[in-house]
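I have placed the structure first, in the form of structure tokens, so that the comments after it can refer back to it.
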Amino acid sequence: MNTYQAEQIEALTMIRRQIEAMGAESRENLLVQIKDYLLFREQVGEFLEAHFTGICTQKCYQSRLSACCAKDGIITFFADMVVNMLVSNPVERDLMEHAVQHPKFEYKCIYLSESGCVWKIKPVVCEFFLCDEAESQAIGQNPEALAQWKAFEDAKKIYTWPDQPVLFESLERFFMNRGCDSALMYLHKSPGLVRIRRVRDGMGDSGKHIQS
Ligand code: SF4
Ligand code: SF4
């Protein structure tokens with residue numbers, strides 16, 4: 001198992017253990033917190049289905065190329081995993097863990113199975129990746145669809161980009177407060193994202209409050 005797999009399985013099992021051990025009320029609270037995000041992802045999914053299924057099926061799925069799904073190339077946020085774990089049943093959770101420990105394809109993403117991606121709610125980076133060819137063929141000549149896609153890209157930041165308090169950050173904090181730690185907690189570990197949070201909170205890069 002390489003470092004990428006080790007980080008993935010460590011975070012997955014940590015989140016699963018916490019979610020399965022917590023009471024129904026705490027789980028319900030988390031589901032309430034992610035409700036808007038799930039609705040957003042549903043809307044994005046419908047848009048992709050309407051505009052991209054044809055080109056992606058023809059270019060990648062039929063040839064089993066799945067060019068989007070490169071080996072160890074995908075960033076999975078800790079919060080991606082929390083969301084997915086919350087909406088998955090135990091069998092689906094087992095499938096995720098099995099995929100990481102026993103990847104189906106040597107040169108593809110560890111989460112790619114014979115029947116496609118094993119995530120129920122794919123990592124946000126995957127959902128928003130479109131190759132140039134697919135984008136130009138599917139919506140390049142359709143200004144309305146192009147504008148909608150840009151609007152979705154902007155809306156994504158409401159959940160993931162910490163120049164304001166965001167869901168992905170609060171989900172990490174929820175688990176940090178319960179003693180969890182993971183390399184995938186990028187909102188708290190990535191130097192770039194930490195810097196954005198510090199500026200937002202009126203602190204310098206050193207972490208000290210800037211006097212006004
Ligand atoms: S976005 Fe491009 S690379 Fe990805 S599945 Fe579609 S056609 Fe293939
Ligand atoms: S997580 Fe799923 S969609 Fe993303 S690269 Fe892996 S198989 Fe593809």
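These numbers come from a predicted model, not from an experiment.
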Looking at side-chain heavy atoms only, is the closest gap between [X] and [Y] below 4.5 Å?
X	Y	value
L193	H188	no
R195	S190	no
E153	W149	yes
V82	Q18	no
T13	R17	yes
V166	T160	no

Could you tell me which non-hydrogen atom of [X] sits nearest to which non-hydrogen atom of [Y], and how far apart they are?
X	Y	result
M1	I9	SD-CG2, 3.9 Å
C117	K122	SG-CG, 4.0 Å
F78	M14	CE1-SD, 4.2 Å

Can you list everything that forms a ring pair (Phe, Tyr, Trp, His ring centres under 6.0 Å) with [X]? Sequence neighbours excluded, please.
X	result
W119	Y111
F52	none
H98	H102
F40	Y159

Would a hydrophobic clustering, with Ile, Leu, Val, Met, Phe, Trp and Tyr connected at side-chain separations under 4.5 Å, put [X] with [Y]?
X	Y	result
M81	M22	yes
I158	V44	yes
F47	L146	yes
L95	V87	no
I110	L112	no

(request) Mind jotting down which residue pairs meet the side chain to side chain donor-acceptor pair (under 3.5 Å) criterion with at least one end in residues 44-53? Sequence neighbours excluded, please. (result) none
(message) Once side chain to side chain donor-acceptor pair (under 3.5 Å) is applied, what residue pairs with a partner in residues 23-35 remain, sequence neighbours excluded?
(response) none
Nearest 0.5 Å, please: how far is [atom2] in [Y] from [atom1] in [X]?
X	Y	atom1	atom2	value
N177	S170	CG	OG	10.5 Å
I74	C126	CD1	SG	3.5 Å
I121	D80	CD1	CG	10.0 Å
Q8	Q101	CD	CD	12.0 Å
I15	R93	CD1	CZ	10.5 Å
E42	Y37	CD	OH	13.0 Å

(message) Before you tell me yes or no, could you show the steps for E10 and S182 under side chain to side chain donor-acceptor pair (under 3.5 Å), namely the whole-Å CA-CA distance, both residues' side-chain angles and the distance that decides it to 0.1 Å?
(response) CA-CA 8 Å; E10 185 193 44; S182 162; 5.1 Å; no
(message) Taking salt bridge (charged side-chain N to carboxylate O under 4.0 Å, His left out) as the definition, give me every residue that meets it alongside E92, ordered by chain and number, with sequence neighbours left out.
(response) K120
(request) Could you list the residues that satisfy salt bridge (charged side-chain N to carboxylate O under 4.0 Å, His left out) with R16, not counting sequence neighbours? (result) E20, D94, E97
(message) So, using side-chain contact (heavy atoms from CB on, under 4.5 Å) as the criterion, who are the partners of I75 when residues are at least two apart?
(response) F77, V125, Y186
(request) Check side-chain contact (heavy atoms from CB on, under 4.5 Å) between A79 and all other residues, then give those that pass, not counting sequence neighbours. (result) F168, L171
(message) Show every salt bridge (charged side-chain N to carboxylate O under 4.0 Å, His left out) that has at least one partner inside residues 159-185, sequence neighbours left out.
(response) E169-R173, E169-R197, E169-R200, D181-K189
(message) Consider side-chain contact (heavy atoms from CB on, under 4.5 Å). Of C69, P123, P103, which one does C109 pass it with?
(response) C69
Please tabulate, for the side chains in residues 128-145, all donor-acceptor contacts under 3.5 angstrom to protein atoms that are two or more places apart in sequence or on a different chain.
unit_1	atom_1	unit_2	atom_2	d
E133	OE2	Q137	NE2	3.2
N142	OD1	E144	N	3.3
N142	OD1	A145	N	3.1

